[in-house]
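Just so we're on the same page: letters track the sequence lines, and every chain starts at 1. Scope of the values below: all heavy atoms of this structure, side chains included, with no hydrogens, waters or symmetry mates.
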Amino acid sequence: MSELLVKNAYVIDPINHIDGEVMDIAVKDGYIVEDVGPKATVLDAEGCLTLPGGVDSHTHVCGTKVNFGRYMSPEDMRAGREVRRGVKHATSGYSVPTTYANSYRYALMGYTTLLEGAMAPLEARHTHEEFSATPLQDMMANTLFDGNWAVMKAVAEGDIERVAAIVGWTLSAVKGFGIKLTNPGGTEAWGYGKDISCIKDEVPHFGVTPAEIIEAMIQACEMLRLPHSVHLHCNNLGTPGNYACTIGTFNLVPDLNKTRQSLYATHVQFHSYGGSDWKTFCSKAEPVAYTVNNLPQIVIDMGQVMFGKTTTMTADGPMEFNLYRLHHNKWSNHDVELETGSGIIPVLYRKKNLVNSIMWSIGLELALLVKDPWRCLLTTDNPNGAPFVKYPEIIALLMSKKYRDAEFATVNRRTESRVILPALEREMDWNEIAVMTRAGQAKALGITGIGKGHLGIGAEADIAVYPLKVGEIDPAQEYQKIIDGFSKTRWTVKRGRPVARDGEILVHGENTTIWVDPKISPEHDMSHDPEFTEMFNHWYSVRMSNYPVQDEYLKRNLRIETEATI
Amino acid sequence: MMRIVLTMKERTNPHIPIEAEKINPAFLMWGTDDLTVWEGNKERRLDEIFEVEVEGTATSVNEVEVVLRGDTSRVKRIGEYMDGGRITVEGNVGMHCGNFMAAGTIEVMGDAGGWFAREMQGGAIICHGDVGHYCAAGYRGEKKGMRGGKVEVFGNAGDFTAEHLFGGEVVVHGNCGDMPGVDMQGGYLTIHGDCSRPCGNMTKGKCTVLGCVSEMPPTFKKEGEVEGPDGLPLTHFTGDVANRGKGNLLVRHYQYLE
Amino acid sequence: MIHEDMICPFCGCLCDDLVIETKGTEVVRVDNACTLGSHKLMNAGKHRLKGPIMRDSGQWRDASYEEAIEYAAGILLDADRPLLYGWSSTQGEAQGTGVSMAELLGGVIDSTTSVCHGPSILAIQEVGHPGCTLGQVKNRADLIVYWGCNPTEAHPRHMSRYTTYADGYFLENAFRDRKLILVDVRKTETASIADEFVQVKPGGDYAVLSALRAIVRGREDVVPPTVAGVTKEQLLRVAALCKEAKFGALFFGVGLTMSPGKYKNVRNAIELVDELNRHTKFTLTPLRGHYNVYGSNEVFTWMTGYPYAVDFSRQIAFYNPGETTAVDLMARKECDAALIVASDPGAHFPKKCLEHLASIPTVLIDPMHTMTTPLVKCQIPTAVTGMDAPGTAYRMDGVPIHVKKFLDLGYPTDTEIIGKIFEKVKEVRHP
Amino acid sequence: MKALFNTGRTVAQGQGLEVKARPEYMEATSICMMNPVDLMDLDLEEGERVLVRGPAGEVVLTTVQNEGIPRGTVYVPMGPYANAVVDTETHATGMPDFKSCIVDLEPTDDEVKSQTELMEAVGGLAYRGDEE
């Protein structure tokens with residue numbers, strides 16, 4: 001039994017409608033309680049900003065493709081090298097750091113829950129192995145279904161229940177959290193070196209379109225009663241003029257769920273491009289944000305680009321090949337049989353570069369133009385737009401017009417005619433930032449019920465105390481203080497235990513893997529379905545019995561069982 | 001002027017490498033008391049490993065001369081990030097001598113280990129003996145290698161000399177091993193002796209081989225005869241065509257692997 | 001007892017469809033495995049070292065596990081430059097513990113990668129890796145290229161499970177529809193079934209790859225009439241076959257990594273595949289040897305940032321093959337103690353390395369009496385992963401497989417033994 | 001006679017891997033595969049022995065003829081015998097020249113050493129505790 005009291009905390013807890021109240025937070029055995037005894041360990045927050053632990057609803061930190069990013073980039077490891085000390089392992093890497101480095105850096109910024117954005121089911125074991133080497137955050141994995149043969153066949157047959165049954169079986173088997181679609185249909189086409197340009201193209205050999213896949217998956221997701229909605233990386237990422245495809249996709253989405261969105265569209269910055277080629281490239285954040293504002297069933301995340309070196313990695317194999325042809329630097333590709341693909345290339349976003357400057361503007365425009373902060377979440381699609389350590393700078397950019405203008409003055413001069421950023425006056429407040437970095441993310445992921453993203457009684461005691469005195473700082477003017485304050489917590493508390501303090505890692509830690517196990521009726525159990533098992537044993541290169549992730553790969557874990565309607 | 005003489009002491013196990021990036025005028029000019037080097041996994045005070053003699057003082061790094069004596073063949077990283085002054089190694093030197101060096105002069109009287117002048121930026125570095133592999137080369141995974149300065153080797157150089165060369169000048173008076181100038185993207189490489197398979201995959205820059213090239217890469221386009229230093233007739237190639245390259249390779253004699 | 005869908009712990013193919021029949025601690029039947037795998041599995045319980053052994057005044061004697069573990073921790077703690085080498089034929093879990101121990105000790109940790117596909121990794125680090133899982137090749141590839149390898153002898157089921165003889169979803173008659181190109185310096189058995197056998201002069205791979213790249217780019221004009229023993233006509237035919245394929249898959253072996261130029265050969269192969277991707281779909285996969293050598297690279301990478309040859313002597317991770325690789329360390333007599341795990345440098349390292357290994361304190365963790373046994377001071381036998389221990393292994397294409405246990409012989413696992421050594425190390429060198 | 005020395009895997013070597021102390025492994029790895037014409041030039045019959053001298057030392061091997069091996073090269077299965085002649089030079093890549101060293105071949109009547117003898121020659125101590 002352990003007790004902790006965070007005293008004199010200036011709390012912003014949007015889910016519980018607390019917006020700047022000085023209070024004490026009592027913690028017992030990892031959960032927030034009404035009160036604790038006199039022997040509790042006391043952390044005096046001294047009136048500093050105290051938020052629920054940060055939640056990243058879309059990041060790439062663990063698994064095959066992330067590790068390949070590390071494997072192919074010893075030059076990236078030359079940055080971020082720190083010596084082993086105390087409980088802390090040696091670290092290396094900047095854009096694709098080691099698991100420990102990721103975990104420590106997120107912890108120092110007050111983040112306690114992460115969603116790995118893309119896990120290929122066939123390689124799920126790898127993701128879970130890395131989860132157990134990411135000690136200071138609770139982890140979830142979105143599972144890729146964009147090129148899943150069984151799903152596409154069921155969609156072609158119009159059998160949505162079968163789609164749900166396949167998704168349900170797979171999530172249970174690979175201990176996944178939610179449904180991820182990355183360039184649906186496009187990754188299958190890439191198997192033969194082709195791509196799909198938008199939602200109405202037909203996937204070669206399978207007779208379905210991305211639109212059909214997306215619509216079916218949204219329905220299947222609700223049939224399975226998954227906590228999170230379908231999580232979509234739209235077709236046609238990164239190409240001039242793709243905003244039309246993005247809006248077309250959004251318009252497909254029905255409103256099916258009262259408690260959360262029906263579609264989470266990720267890194268929308270990369271999907272809000274105008275122009276007909278790179279020469280006429282421009283921002284279309286406005287029509288995209290307008291669409292989002294009109295469709296409450298959609299939540300997006302920014303996918304903000306920040307200047308500097310990084311590594312792009314995505315299941316979107318064909319897109320990465322196009323990037324490779326543009327940059328002619330190194331390129332890795334990894335197609336996963338019957339399921340998905342992936343690609344990795346290093347990039348350098350430069351202020352001098354017009355396209356890069358426009359990309360940087362678009363992300364900020366989206367965040368400022370989407371009226372409801374619960375529906376545009378703060379991400380960089382780590383590390384695609386930038387490594388997550390840039391989040392504090394993004395927060396400052398959103399809170400300060402002055403900072404945006406100062407930065408805008410340093411980017412490519414021709415950017416001005418292609419974007420609307422300089423015209424946007426909005427400056428976010430503390431509460432909006434708290435929504436965009438934890439409360440909104442937890443709600444979108446459907447994990448508030450398991451005590452994430454808020455500080456109410458019974459919530460997991462994941463708490464971030466920042467060295468920021470809300471009343472004493474003017475974020476619009478003193479943006480450097482915002483950057484510094486959000487870079488390093490005074491305390492990060494994970495499950496009731498202080499894990500970081502003033503830039504120091506205090507414990508080795510042990511995370512929880514959160515996964516979803518939909519309860520499906522026996523007649524929809526795919527493990528006995530002859531067609532499904534036949535497909536497995538004929539075309540996969542592993543036997544069906546060797547495919548599911550064994551329990552021993554999940555050390556500490558939280559299984560969310562859902563009552564599926566099939 | 002300030003002169004610092006470091007003489008290697010007798011060691012229990014002379015095979016354990018020593019990492020000594022602090023042997024750099026920029027550090028030594030402020031005193032040697034707090035400086036440490038690593039002998040394997042043990043951090044040692046500089047004076048545990050070397051006899052240290054200091055004469056004079058300096059107000060700028062350029063007034064510092066460092067001399068190394070004794071068996072320094074296992075001492076790595078001497079002059080790493082050097083940005084001025086002078087280092088003279090009287091004997092042999094270990095790996096990574098002059099890594100990232102930006103200015104100043106390093107002169108090695110004996111032989112040098114691998115990665116001599118790796119990723120050099122500027123200044124001058126001379127080896128009177130032979131150098132190991134990867135002289136004036138890049139680092140694993142990094143696209144650009146040496147970017148500036150001058151490397152001069154009076155003996156022979158090993159394999160992968162000037163790999164990923166991007167700028168600056170490399171002169172080898174003896175022979176080079178296999179694949180000098182491989183993946184080079186700029187700069188000048190001159191080999192007075194022989195070598196095999198130069199400049200595979202080169203995109204830019206100029207490499208001159210005054211001796212004989214064996215296993216000449218088959219993907220260079222012959223442009224004609226040109227006159228080289230001392231009126232020597234050289235054959236001028238451009239390539240590497242396999243990589244859309246626009247580099248220049250000038251050779252005295254060559255032979256394909258047919 | 002019959003065990004189905006078992007995984008073969010021999011090569012990087014990690015075939016997972018084996019049927020093994022056991023009677024007590026005897027294996028009486030192995031189905032579906034190749035000759036290498038079934039030979040290993042049929043002898044599963046045999047030839048094991050009974051317990052730890054140590055050298056004592058010029059004699060071998062039996063020792064207890066406690067004594068051997070104590071000795072191992074002691075020599076590693078005493079060393080200025082300990083080397084922890086091997087790691088390919090063991091569980092991922094043991095590899096992870098090994099990395100943490102190397103980190104705390106300030107040692108160098110390297111896997112057998114450095115004498116196998118290490119150069120492939122160096123090449124990938126320069127230009128990336130256009131790859132895919134093996135099922136992707138099986139279902140789609142209409143052209144297979146084997147370069148500098150001999151699957152018939154080293155990966156005997158590779159062709160039947162993943163390439164030439166495998167059924168393919170998108171191929172009507174897979175065997176007839178798939179073309180095969182073999183490139184090697186010698187004419188092996190595989191050559192007899194190849195549509196093109198390209199015999200390269202030893203050391204000529206780089207030149208042949210460059211010539212093919214130039215031809216694919218339309219610059220055949222510069223290519224001389226013969227390149228390293230291969231005629232220009234044949235090069236043109238090969239390039240055309242590659243461009244005409246709908247899905248080409250190039251597999252390569254140590255014929256590229258061990259030949260002069262080493263990783264530059266592999267880099268050239270990768271860049272050829274990159275170039276071909278501008279025309280069609282093409283992938284490349286190194287044929288990894290040990291069943292879990294790729295796992296060692298994966299584990300090392302997520303923990304340290306580097307796939308092999310990691311030097312922790314300064315409490316940060318440093319990587320530079322050629323400097324921090326096992327052969328180089330031994331050749332330069334740098335390491336002053338060594339822990340060898342699940343590998344056999346005695347058989348696979350040049351003689352001069354062995355002379356050094358024999359002269360320093362060393363512990364071997366291996367179930368069998370190997371060529372390294374005579375060279376060490378102490379050996380600790382453990383369970384064999386995939387026989388009497390379960391664990392994680394990574395297939396040559398990066399697919400992680402849970403390797404299963406089917407025997408109980410009472411030996412501790414590698415993870416347990418290394419964990420115990422690590423505990424002893426931690427008692428002295430507090431983290 | 002000079003030859004290029006190539007090493008690599010064979011099925012027999014692979015099968016012997018797990019039980020290296022046994023004669024099967026010695027038989028599988030102490031052979032020198034060569035072109036029949038080269039064998040004739042050395043005035044040897046298949047099965048007779050050849051002394052191979054390389055950059056790091058010498059070793060006696062049993063000849064096996066193989067028409068797939070080009071003239072001027074020999075193929076020796078990877079293992080302790082091959083490694084008796086391969087040098088430690090890795091060209092700073094970590095990888096020795098397992099496929100590209102030059103050796104000298106001459107006929108010999110000397111016996112092929114056992115693998116244990118090879119290990120003892122480099123300073124090892126044979127273990128015999130498991131002999132039946």
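Contact check on K555(A) versus E93(C) returns no salt bridge, with no Lys/Arg side-chain nitrogen under 4.0 Å from an Asp/Glu carboxylate oxygen. Salt-bridge formation is not detected for the pair D16(C)/R543(A): no Lys NZ or Arg NE/NH1/NH2 atom is positioned less than 4.0 Å from an Asp or Glu carboxylate oxygen.
Classification of the H126(A)-W302(C) ring pair by plane angle, with boundaries at 30° and 60°, yields tilted. Taking the six-membered ring for Trp and thresholds of 30 and 60 degrees, Y169(C) and F206(A) have nearly parallel ring planes, at less than 30 degrees apart. By the 30° and 60° cut-offs, the orientation of the rings of H129(C) relative to F68(A) is tilted.
Taking 4.5 Å as the heavy-atom cut-off, the residues of residues 399-406 of chain C that approach chain A are V399(C), P400(C), I401(C), H402(C), K404(C), ordered by number.
Looking at F312(C), only its side chain comes within 4.5 Å of chain A, counting heavy atoms on both sides. In this structure, chain A has a heavy atom under 4.5 Å from the side chain of I7(C), while its backbone stays farther away. For a residue to count as touching a neighbouring chain, one of its non-hydrogen atoms must lie under 4.5 Å from one of that chain's; by this rule K246(C) touches chain A with backbone and side chain alike. If you measure heavy-atom distances from R161(C) to chain A, the contacts under 4.5 Å come from the side chain alone. Only the side chain of R395(C) comes within less than 4.5 Å of a heavy atom of chain A; its backbone N, CA, C and O stay farther away. Only the side chain of Y162(C) comes within contact range of chain A, judged by heavy atoms closer than 4.5 Å.
Heavy atoms of other residues, nucleotides or ligands lying less than 6.0 angstrom from CZ of R85(A) number 12 at most.
Across all non-hydrogen atoms, the minimal contact from K281(C) to D335(A) is NZ-OD2, 2.7 Å. Counting all heavy atoms, side chain and backbone alike, Y306(C) lies closest to R78(A) at OH-N, 4.5 Å. Counting all heavy atoms, side chain and backbone alike, N67(A) lies closest to E298(C) at ND2-OE1, 2.6 Å. Residues I316(C) and A90(A) come closest through the heavy atom pair CA-CB, 4.1 Å. Nearest heavy-atom pair, K138(C) versus Y540(A), reported as atom, atom and distance to 0.1 Å: CE-O, 4.2 Å. Scanning both residues, A317(C) and S92(A), for their nearest heavy atoms gives CB-OG, 3.9 Å.
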* Step by step, work out the side-chain contact (heavy atoms from CB on, under 4.5 Å) result for F282(C) and N333(A). => CA-CA 10 Å; F282(C) 229 95; N333(A) 179 76; over 6 Å; no
* To do: Check the pair M303(C), T98(A) against side-chain contact (heavy atoms from CB on, under 4.5 Å), reporting the backbone distance first and the verdict last.
  => CA-CA 6 Å; M303(C) 293 184 74; T98(A) 57; over 6 Å; no
* Asked: So N277(C) and F321(A), side-chain contact (heavy atoms from CB on, under 4.5 Å) or not? Walk me through it.
  -> CA-CA 9 Å; N277(C) 269 292; F321(A) 183 66; 3.8 Å; yes
* Begin with the C-alpha distance, continue with both residues' side-chain angles, and end with the deciding distance and a verdict on side-chain contact (heavy atoms from CB on, under 4.5 Å) for H89(A) and S100(C). => CA-CA 8 Å; H89(A) 287 279; S100(C) 293; 3.8 Å; yes
* To do: List the steps, then state whether salt bridge (Lys or Arg N to Asp or Glu O under 4.0 Å) holds for K88(A) with E103(C).
  => CA-CA 11 Å; K88(A) 198 168 145 279; E103(C) 186 188 20; over 6 Å; no
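Atoms OG and CG, on S545(A) and D5(C) in that order, are 3.5 Å from each other to the nearest 0.5 Å. Separating the CD atom in Q136(C) from the CD atom in E339(A) is a distance of 10.0 Å, to the nearest 0.5 Å.
A donor-acceptor pair under 3.5 Å is absent between the side-chain atoms of D167(C) and the main chain of H538(A), judged by distance alone. With hydrogens and angles ignored, the 3.5 Å screen pairs no side-chain donor or acceptor of Y71(A) with any backbone N or O of Q125(C).
Residues T392(C) and Y553(A) bring a donor and an acceptor atom of their side chains to less than 3.5 Å of each other. Between the side chains of Y394(C) and E123(A), no donor-acceptor pair is found at a separation under 3.5 Å.
Contact count versus chain C (heavy atoms, under 4.5 Å) is highest, among E552(A), K194(A), E188(A), for E188(A). For the set G191(A), P97(A), A133(A), G193(A), the entry with the most heavy-atom pairs within less than 4.5 Å of chain C is G191(A). Of all the listed residues (T64(A), V542(A), I345(A)), the one sharing the greatest number of non-hydrogen pairs under 4.5 Å with chain C is V542(A).
Of the residues listed (M72(A), R70(A), E130(A)), the one engaging T301(C) in a side chain to side chain contact (heavy atoms under 4.5 Å, CB included) is R70(A), and it is the only one.
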